[in-house]
Amino acid sequence: MSPDRRRVAVWRSAMLLGSETFIRAQGDALTRWEPAYLGATRIDSPLSRPDDVIVFPDGPAGRREFLGLRLGGTSPRLRAVLARVRPELVHAHFGGDGWLISRTARQLGIPLIVTVHGHDVTRQPQSTGLHGLRYRRNLRAVFDRSALIIAVSEVIRGRAEACGADPARLRVHYTGVTVPPSVPVVPKRWDVTFVGRLVAKKGVDDLLTALSLVDTPRPRALLIGDGPLLTEMRTLASRLRVDATFVGAQPPESVQRHLAESRMLAAPSKTAPDGDTEGLPTTILEAAALGLPVVATRHSGIPEAVRHERTGLLTPEADPPALAASMSRLLGDAELRHRMGTQAREHVSAHFNLDAQTARLESLYDEAAVLITHPR
């Protein structure tokens with residue numbers, strides 16, 4: 001560790017899903033604090049790194065110890081590893097993961113920040129039966145044990161407060177993105193691009209239906225991401241005769257290249273049947289930073305990032321005809337695409353720039369590191 005940098009343990013129990021680029025980008029951008037990436041288990045993904053600190057080894061013994069942590073909220077191995085890392089602060093992502101490390105952090109006298117992103121304060125607290133009772137109890141516990149709670153949008157802030165977070169310790173902090181010095185000038189291969197996990201809240205079924213409604217010529221769509229609905233969405237695209245290319249999960253540099261080759265980003269998010277919602281999709285910010293207009297829905301924190309009729313077009317959730325109309329409007333007007341894309345880039349530069357947001361995050365780290373919390 002650099003002698004002039006303080007250490008923060010960035011905790012995500014599954015280190016690290018390919019869709020969670022925001023965690024890696026945020027940590028890597030720190031300047032006054034040095035991140036040590038700490039996970040319970042290693043995930044084989046483009047974001048995994050050899051120097052990630054993994055608590056539980058592969059194999060039956062490691063799985064048993066991890067199960068003990070999930071059931072009881074404590075683990076001798078986790079305590080030993082965290083003591084060895086010696087951070088001045090723990091930053092946990094997602095409420096459930098925050099609970100997993102909250103008791104150990106408190107035992108070692110290490111302040112904790114937890115970021116809530118979406119489903120952890122929307123879908124999961126609505127779970128029924130004993131699972132729901134246990135999750136709500138654990139969420140209140142991690143809120144009580146946290147020096148600060150970060151919400152990724154104003155909407156998520158409200159949901160966290162409804163789940164029991166102390167308003168005095170709640171902060172809204174937008175995850176920043178890198179804004180390149182210039183917009184890449186490359187041939188446009190795709191009319192519409194989607195980036196995200198193929199799960200219900202992402203609204204890919206609405207996007208495919210909307211694409212089938214767009215007047216000829218039929219748009220060329222690129223869908224980047226993996227997930228449980230991949231096979232179903234491929235089948236739907238084929239049935240609707242949509243010109244859609246599915247490329248699966250991609251490393252960040254490939255996503256950036258594909259976005260630069262696109263005319264717009266589609267983010268048709270919606271509340272899933274189980275109550276799952278977005279926080280604020282980072283891909284919207286990444287596309288805007290590259291000068292792309294965004295067609296999206298009025299869902300959760302999205303209107304905080306997309307200014308309707310200025311940086312993109314917003315439609316109601318689960319409304320494929322409205323989504324199709326917005327895509328048709330942009331596809332038929334190159335000047336409008338350019339103007340909205342330029343304004344989207346300006347908006348992200350002013351409000352979501354990674355350097356500025358990281359400086360604000362480090363100020364929150366400074367604040368949390370001096371707070372004294374008392375056990376309950």
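All of these numbers come straight from a predicted model, not from anything done at the bench. Quick note: numbers below take in every heavy atom, side chains included, and nothing from hydrogens, waters or symmetry partners.
Between the OG atom of Ser182 and the CZ atom of Arg345 there is a distance of 6.5 Å, given to the nearest 0.5 Å. In this structure, CG in Leu208 is found 9.5 Å from CZ in Phe194, a value given to the nearest 0.5 Å. Atom CG of Leu285 is separated from atom OG1 of Thr178 by 11.0 Å, given to the nearest 0.5 angstrom. Residue Arg7 holds its CZ atom at 11.0 Å from CD1 of Ile110, rounded to the nearest 0.5 Å. Taken from CG in Leu89 to CG in Asp366, the straight-line distance is 9.5 Å, to the nearest 0.5 Å. Atom CG in Asp205 sits 10.5 Å away from atom CG in Leu198 (nearest 0.5 Å).
Criterion: ILVMFWY side-chain heavy atoms under 4.5 Å apart, direct or through other members. Under it, Phe94 and Leu17 are not part of a common hydrophobic cluster. Connection of Leu336 to Val306 is not established within any shared hydrophobic cluster, with ILVMFWY side chains joined at heavy-atom distances below 4.5 Å, either directly or through further cluster members. With hydrophobic clusters built from ILVMFWY side chains whose heavy atoms lie under 4.5 angstrom apart, Val152 shares a cluster with Leu139. Taken together through direct or relayed side-chain contacts under 4.5 Å among Ile, Leu, Val, Met, Phe, Trp and Tyr, Ile149 and Trp99 form part of one hydrophobic cluster. Cluster membership check: Leu112 does not share its hydrophobic cluster with Ile150, using side-chain heavy-atom separations under 4.5 Å among Ile, Leu, Val, Met, Phe, Trp and Tyr.
Asp333 has no carboxylate O lying under 4.0 Å from a charged side-chain N of Arg339, or vice versa, which leaves the two without a salt bridge. With respect to the salt-bridge test (charged N to carboxylate O, under 4.0 angstrom), the residues Glu88 and Arg32 do not qualify.
Under the 3.5 Å distance criterion, the side-chain polar atoms of Ser127 are matched with a main-chain donor or acceptor of Gln124. Within the 3.5 Å criterion, the main-chain N or O of Glu154 finds a donor-acceptor partner in the side chain of Glu304. Side-chain atoms of Asp120 never come within 3.5 Å of backbone atoms of Gly96 as a donor-acceptor pair (strictly under, hydrogens ignored). Panel note: side chain Ser300, backbone Glu278; a donor-acceptor pair is recorded below 3.5 Å. Put simply, the side chain of Trp11 gets close to the backbone of Asp97: a donor and an acceptor are under 3.5 Å apart. With hydrogens and angles ignored, the 3.5 Å screen pairs no side-chain donor or acceptor of Lys201 with any backbone N or O of Pro273. Glu317 places a side-chain N or O within 3.5 Å of a backbone atom of Thr271 that can act as its donor or acceptor partner. Although no hydrogens or angles enter the test, the distance criterion places no donor-acceptor pair under 3.5 Å between the side chain of Arg123 and the main chain of Gly118. Using modelled atom types, no side-chain atom of Arg49 and backbone atom of Pro46 make a donor-acceptor pair closer than 3.5 Å. When atom types are taken as modelled, the side chain of His173 and the backbone of Arg360 share no donor-acceptor pair closer than 3.5 angstrom.
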*Between Arg12 and Asp52, does a salt bridge (charged side-chain N to carboxylate O under 4.0 Å, His left out) hold up when you go through it step by step?*
CA-CA 11 Å; Arg12 180 70 168 116; Asp52 292 335; over 6 Å; no
*Verify side chain to side chain contact (heavy atoms under 4.5 Å, CB included) between Glu261 and His258, making sure each step is shown before the conclusion.*
CA-CA 5 Å; Glu261 295 170 341; His258 287 312; 3.6 Å; yes
_side chain to side chain contact (heavy atoms under 4.5 Å, CB included) assessment of Leu108 paired with Arg79_ = CA-CA 8 Å; Leu108 294 173; Arg79 179 166 180 162; 3.7 Å; yes
*asked:* Pair Thr21, Arg24 - check side chain to side chain contact (heavy atoms under 4.5 Å, CB included), show working.
replied: CA-CA 5 Å; Thr21 56; Arg24 196 68 87 183; 5.8 Å; no
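Contact annotation: the side chain of Tyr37 approaches that of Asp28 to within less than 4.5 Å [non-hydrogen atoms, C-beta and beyond]. Residues Phe143 and Arg169 are not in side-chain contact: their nearest non-hydrogen atoms beyond the backbone lie 4.5 Å or more apart. Between Thr245 and Trp190 there is a side-chain heavy-atom pair separated by less than 4.5 Å. Contact of the Asp276 side chain with the Val199 side chain is not registered, since no non-hydrogen atoms from C-beta on lie closer than 4.5 Å. With contacts defined as side-chain heavy-atom distances shorter than 4.5 Å, the pair Leu330/Met340 qualifies. Side-chain atoms of Arg136 and Cys163, non-hydrogen and from C-beta on, never get closer than 4.5 Å to each other. Under the 4.5 Å side-chain criterion, counting only non-hydrogen atoms from C-beta, Glu253 is not in contact with Gln256. Within the 4.5 Å cutoff, the side chain of Glu367 has heavy atoms near those of the Arg171 side chain.
Nearest approach of Gly95 to Val142, heavy atoms of both residues: O-CG1, 3.8 Å. Looking at every heavy atom in both residues, Arg106 comes nearest to Asp144 through NH2-O, 4.0 Å. For the residue pair Ile302 and Ala267, the shortest heavy atom distance occurs at CD1-O, 4.2 Å. Looking at every heavy atom in both residues, Arg5 comes nearest to Leu30 through NH2-O, 3.1 Å. Nearest heavy atom pair, residue Thr297 against residue Leu314, reads O-CD2, 3.7 Å. Of all the heavy atoms in Leu100 and Ser13, the pair that sits closest is CD1-CB, 4.0 Å.
Annotation for Asp44: atom CG does not count as buried by contact number, only 12 or fewer foreign heavy atoms lying within 6.0 Å. Heavy atoms of other residues, nucleotides or ligands lying less than 6.0 angstrom from CG of Leu71 number more than 12. Within 6.0 Å of the NE2 atom in His308, the count of heavy atoms belonging to other residues, nucleotides or ligands exceeds 12.
Residues passing the salt bridge (charged side-chain N to carboxylate O under 4.0 Å, His left out) test with Asp243: none are found, sequence neighbours excluded. Residues that satisfy the side chain to side chain donor-acceptor pair (under 3.5 Å) test with Glu161, not counting sequence neighbours, are Arg157. Residues forming a side chain to side chain donor-acceptor pair (under 3.5 Å) with Arg77 (at least two apart in sequence, or on another chain): Glu65. Shown here are the side chain to side chain donor-acceptor pair (under 3.5 Å) partners of Glu362, two or more places apart in sequence or in another chain: Thr31. Legend: residues meeting side chain to side chain donor-acceptor pair (under 3.5 Å) with Asp206, ordered by chain and number and at least two apart, are Lys270.
Ring geometry for Tyr174 against Phe352 counts as tilted: the plane angle lies between 30° and 60°, on a 0 to 90° scale.
Side-chain contact of His91 with Tyr365: a donor-acceptor pair under 3.5 Å is present, judged by distance alone.
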Counting only pairs under 3.5 Å, give me each side-chain donor-acceptor contact of residues 219-242, with atom names and distances, residues two or more places apart or in other chains.
unit_1 : atom_1 : unit_2 : atom_2 : d
Arg220 : NH1    : Arg189 : O      : 3.0
Thr235 : OG1    : Thr231 : O      : 3.0

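Here the options are Val55, Leu78, Val114, the test is side chain to side chain contact (heavy atoms under 4.5 Å, CB included), and the partner is Ile101; only Leu78 passes.
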